[in-house]
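Presented below is the structure to which this report refers.
From a predicted model like this one, the values you see are computed outputs, not experimental measurements. In each ligand, atom 1 is the first atom listed, and ligand 1 is the first ligand listed.
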Amino acid sequence: MNQSPHTNHEKTTWTIKDSAELYGLERWGDNYFSINDAGNINVNPQGSKENSLDLTHLLDELKDRNLTPPLLLRFDDILEDRLKKLHHAFEDAIHKYDYKNRYQGVFPIKCNQQRHVIEEIIAIGKQWNFGLEAGSKAELLIALSMIDNPEALIICNGYKDNRYIETSILARQLKKKPIVVIEQLNEVQGIISASKHLNAAPLIGIRAKLSSQSSGKWEASTGDKSKFGLSIPEILHAVNLLKDSGLLDELILLHFHLGSQINDISVLKNALQEAGQIYIELKRLGAPMGYLDVGGGLGIDYDGSRTATAASTNYSLQNYANDVVATIQECCKTNQIEVPRLITESGRNICSHFSILIFNILGTSSVPIDIPKRTNNEYLIVENLRDTLNALDDICAKSKLDVSKLQEAWNDALKFKEDALAAFRLGFIDLTTRATAEQLTWACAKKITSNLSNTTLIPEELKALNSALAATYYANISIFRSAPDTWAINQLFPIMPIHRLNERPCKLGHFADLTCDSDGKFTQFINNGNIKNLLELHEMKPGKNYWVGMFLGGAYQEIMGNLHNLFGSTNAIHIRLTQKGRYKLKHVVKGNTKRDVLHAVEYNSEQLLEKLRIATESAIQHKTLNINDAQRFIEHIEISLRKSTYLQE
Ligand SMILES: *Cc1c(COP(=O)(O)O)cnc(C)c1O
C-alpha cells in the first residue's frame with residue numbers, strides 16, 4: 001500500500017471529513033470524539049455533539065492556568081458513560097433472554113489504581129452495586145477501604161498468603177463482601193487453617209484453569225499451561241478439602257479469566273460453555289454457588305477495523321453481553337439449575353477511552369530536499385546527480401509513468417551518492433560538495449515518491465523511499481512513562497493531531513520521544529486493520545504549537561510506565577463537562593517534579609543543591625564566576641527541582 005499523501009490527482013480542498021477518514025476517528029472513537037468546523041477535535045462524553053468540548057480551546061485555557069503539555073486529560077463523563085454502556089448491555093441481554101438473575105460487575109484495580117479514578121468508579125457504580133477486584137495485597141487495601149457499600153463485591157484474586165486470607169475473613173465482619181478466590185491449591189489449606197484460627201469463614205470462589213484457549217497477545221495466559229487457576233482434578237480436590245473441613249457452604253463463586261483483549265468472540269463462547277459445565281458440576285457436588293465471574297478480557301477496537309486482529313475485536317459490547325447471558329442460560333436450563341448472578345471484571349473496556357495523552361511537538365527533522373544552486377566548475381559527481389534529477393523530470397512528465405525507468409534513475413542516484421562519500425573519505429571533495437550531493441540525492445527521492453501514487457506496481461525499494469524521506473517529529477514525552485505498551489508489546493493506540501484537521505497533512509512522519517533511547521519512539525500507527533509506519537502530519541508553523549493526542553490509553557499505561565531517563569509522570573487533569581461547551585477541572589494531579597524522580601533513586605535534592613552552592617563559592621573565590629551568575633545558576637537549579645521533568649515552553 002502506498003502511503004504518500006501526494007498524488008497527481010490531489011483534490012484541491014481538504015475537509016474535516018477527509019481527516020476523520022484518514023485517522024479513522026469515527027471507527028475507533030465510539031462517538032466520544034468528533035472534528036468541529038474549526039478543524040479541532042471535540043470531546044463528546046455522552047456521544048452527543050450537543051454537549052461537547054473543543055480540546056484545543058481547553059488546552060488554551062489550561063495554558064492560562066500554567067498547565068501545559070504533556071498532559072493527561074481524564075474525562076470522567078466518558079468513564080461514566082462506559083459504565084452505563086456496560087450495565088445497559090447486560091440489562092438488555094438479561095431482558096432479551098429472560099435471564100432470571102442479575103449482572104453485578106467489578107472493576108479490576110490493576111487497570112488503573114489512581115485514587116481519583118477508583119473514587120469516580122465507585123461513586124458512579126453505586127447504583128448498580130458495582131465492586132472492585134484486587135490482585136495483590138496492596139490492591140486489597142484499596143478495595144477494602146474504598147468500598148462502603150455492603151452489597152458491592154470485592155473479588156480477592158492473586159496469590160495469597162496467610163495475612164491476605166485472614167484480612168479477607170475479618171473484613172467480612174465489617175459488613176464488606178470480599179470473596180476469596182482460590183488461585184492455587186495450597187491456598188485451600190491456608191483458608192482452612194485461617195478459618196479455624198479465627199473461628200470464622202470467608203466467602204470462597206475458585207478460579208478454573210480452562211482448556212479453552214484465547215488468541216492474540218495474551219494467548220499464553222489461558223489454557224492448560226496457564227500460570228493461574230486450578231485444573232479440573234485440583235478443583236475436585238479443593239472441593240473435597242473444603243467439604244471435609246465444613247467450608248463447602250461458603251463456596252459461592254466460579255471464576256475464570258481468558259486473558260486481556262479477547263479479539264475473537266468464538267474463543268469466549270467455548271470458554272463460557274466449559275465454565276458453565278464446571279459451575280453445574282460444583283453445584284452438584286454440594287456447593288451453594290450463586291455467582292459466575294467471567295473475568296476481564298472485553299476488548300477495545302483500537303484501530304476500528306472490527307476484526308479478530310490484535311488491535312481490534314470482532315464483536316461489540318452487546319454481542320459480548322448477549323453471549324455471556326445466552327450461553328450460561330442455555331447451560332443451566334439444560335441441567336435445570338438456577339442461573340447464577342453474572343460478574344465481569346472488565347478493566348480495559350471501562351477505562352481506556354476516558355483519558356487522552358496530549359503532547360506538543362518540539363520540532364521536526366527531515367532530510368533536506370531543496371535543490372542547491374549551481375556553482376561554477378561543479379564536480380562530476382554533482383553534475384551526474386543534476387543530470388539524474390533532470391532525467392527524472394522527463395520520466396515523470398510522460399503521460400504513462402515507466403516505473404522501471406524510475407528505478408533505474410534511483411539506482412544511479414544512489415551510486416553517485418556513494419561515489420561522493422568515497423571521494424569525501426579520500427579528501428577529493430569538501431564538506432559543501434558532499435552536502436550538495438546528498439541534497440540532490442534526496443531531491444531525486446522526493447521527485448520519485450511524489451509521482452508514485454499513480455502506478456500500482458511499485459518495486460519494494462522504491463516504496464521504502466517514503467520512509468527514508470519521512471520527518472521525525474520530536475515529542476515532549478517519554479513513551480516509557482506514558483505509553484509503555486507501545487514499546488513492550490507493540491500495542492497500537494490511535495494517535496493524531498488534535499487541531500488543524502481542516503488542513504491537508506502534507507508530511508509523513510513518526511515520533512521520537514525525549515529519552516536517549518533508540519526505542520523511544522512511535523513508529524507504528526493504526527491503519528484500519530493493518531499497521532503503517534508513517535503518519536500523515538502537518539508542517540509545523542513557526543511560533544505555533546502543534547498538539548498531538550494519543551487516545552484510548554487509559555488502561556494500564558500509567559502504572560506500567562517507568563522512570564527511564566528520569567522522566568516522571570505528567571500532570572493529569574480530571575475534567576467534568578458542565579453546560580454547553582463549559583467544563584470544570586475537578587482535580588489537578590501534579591506530575592512528578594525533578595525532586596521527586598531524584599528522590600526515587602535515593603538522591604536528596606537539598607544535598608545536591610548544597611554541593612552546587614559550594615562549587616559556586618569556590619568558583620567565585622577563583623574568579624571564574626561572578627556572584628550574579630552564581631546566583632542565576634543556583635536559581636535555575638532551585639526552580640528546576642520544583643518543576644516537571646519535561647521541556648517547558
Ligand atoms: C487483568 C485482569 C482483569 C482485567 O482484564 P481486562 O482485559 O483489562 O478487562 C480481570 N481479571 C483478572 C483476574 C485479571 O488478571
Side-chain angles (χ1 to χ4, degrees), residues 79 82-83 85-86 89-90 104-114 117-118 121 125 130-140 142-143 153-160 164 178-184 187 205-210 214-223 226-230 253-265 267-268 271 275 291-302 310-313 315 317 320-321 324 342-355 484-485 488-489 491 493 552-560:
L79 195 58
R82 293 311 293 173
L83 278 170
K85 286 212 168 93
L86 176 68
F90 271 96
Q104 192 185 352
V106 294
F107 177 75
I109 300 175
K110 80 161 189 278
C111 209
N112 193 323
Q113 299 92 336
Q114 292 290 327
V117 175
I118 296 293
I121 288 175
F130 197 67
L132 292 174
E133 184 264 358
S136 66
K137 284 196 279 184
E139 288 182 357
L140 180 67
I142 296 178
L153 301 174
I154 297 171
I155 304 288
C156 308
N157 286 333
Y159 296 146
K160 298 163 199 75
Y164 186 138
I179 304 180
V180 180
V181 179
I182 300 167
E183 297 242 14
Q184 285 195 311
E187 290 169 9
I206 286 188
R207 177 168 183 170
K209 187 185 282 190
L210 300 184
S214 187
S215 54
K217 288 196 190 7
W218 284 271
E219 195 172 322
S221 54
T222 49
S226 99
K227 111 182 194 203
F228 313 102
L230 271 58
L253 175 143
L254 175 68
H255 171 262
F256 72 91
H257 172 62
L258 274 183
S260 217
Q261 184 70 9
I262 301 169
N263 33 48
D264 188 353
I265 187 96
V267 170
L268 177 74
Y291 295 86
L292 179 67
D293 180 344
V294 303
L298 176 55
I300 290 277
D301 196 356
Y302 291 99
S312 186
T313 60
Y315 58 90
L317 172 57
Y320 176 89
V324 172
L342 295 169
I343 303 171
T344 64
E345 302 173 348
S346 294
R348 185 185 295 275
N349 195 276
I350 290 174
C351 70
S352 287
H353 295 75
F354 88 119
S355 93
D485 277 354
I489 55 169
Q491 171 79 52
F493 293 104
L552 308 186
Y556 301 111
Q557 301 317 293
E558 289 172 56
I559 205 68
M560 306 270 258

For this session: Could you walk me through whether Asp293 and Phe256 pass side chain to side chain contact (heavy atoms under 4.5 Å, CB included), step by step?
Result: CA-CA 6 Å; Asp293 180 344; Phe256 72 91; over 6 Å; no
Could you list the atoms of ligand 1 found under 4.0 angstrom from a heavy atom of [X]?
X: Arg207; value: 13 (C)
X: Ser346; value: 9 (O)
X: Glu133; value: 12 (C), 13 (C)
X: Gly296; value: 5 (O), 9 (O), 10 (C), 11 (N)
X: Asn157; value: 13 (C)
X: Arg348; value: 6 (P), 8 (O), 9 (O)

Exercise. Do you know which two heavy atoms are closest between Lys209 and Gly229, and how far apart they sit?
Worked result: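 Closest approach of Lys209 to Gly229, heavy atoms only: CE-O, 3.5 Å.
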Problem set entry | Any residue meeting salt bridge (charged side-chain N to carboxylate O under 4.0 Å, His left out) with Glu183, in chain and number order, not counting sequence neighbours |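 Glu183: salt bridge (charged side-chain N to carboxylate O under 4.0 Å, His left out) contacts with Arg207.
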Exercise. If you measure from NE2 on His257 to CD1 on Ile155, what distance do you get to the nearest 0.5 Å?
Worked result: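 The CD1 atom of Ile155 is 13.5 Å from NE2 of His257, to the nearest 0.5 Å.
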Problem set entry | Centroid-centroid distance, Phe493 to Tyr302, less than 6.0 Å |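 Close enough - the centres of the two rings lie under 6.0 Å apart.
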Exercise. Who gets closest to atom 8 (O) of ligand 1 by heavy atom: Phe228, Tyr556, Phe256, Phe107?
Worked result: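 That would be Tyr556.
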Exercise. Atom 9 (O) of ligand 1: which of Gly259, Gly347, Gly299 has the nearest heavy atom?
Worked result: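 Answer by nearest heavy atom: Gly347.
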Exercise. For ligand 1, does Glu183 get within less than 4.0 Å through its side chain, its backbone, both, or neither, judged by non-hydrogen atoms?
Worked result: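 Answer for Glu183: neither.
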Among protein heavy atoms, which lies nearest [atom], and at what distance?
atom: atom 7 (O) of ligand 1; result: Ser260 OG, 2.4 Å
atom: atom 12 (C) of ligand 1; result: Glu345 OE1, 3.4 Å
atom: atom 14 (C) of ligand 1; result: Lys110 NZ, 2.8 Å

For this session: Could you go through the side chain to side chain contact (heavy atoms under 4.5 Å, CB included) check for Ile206 and Val181 one step at a time?
Result: CA-CA 5 Å; Ile206 286 188; Val181 179; 5.9 Å; no
For this session: Check the side chains of Thr313 and Asp301 for a donor-acceptor pair under 3.5 angstrom, ignoring hydrogens and angles.
Result: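 The criterion, which ignores hydrogens and geometry beyond distance, is not satisfied for Thr313 and Asp301.
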For this session: Give a yes or no on whether the backbone of Asp485 and the side-chain of Gln557 come within a donor-acceptor separation of less than 3.5 Å.
Result: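 Yes, the answer is positive, given that a donor and an acceptor are paired below the 3.5 Å cut-off.
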Problem set entry | Backbone N/O of Ile300 and side chain of Gln261: donor-acceptor pair under 3.5 Å |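 Yes, because the side chain of Gln261 sits within donor-acceptor range (under 3.5 Å) of the backbone of Ile300.
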Exercise. Any N or O of Leu298 that comes nearer than 3.5 Å to an N or O of ligand 1?
Worked result: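 No, no N or O pair falls under 3.5 Å.
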Exercise. Contact between Gly297 and ligand 1, counting heavy atoms under 4.0 Å?
Worked result: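 Distance cut 4.0 Å: Gly297 passes for ligand 1.
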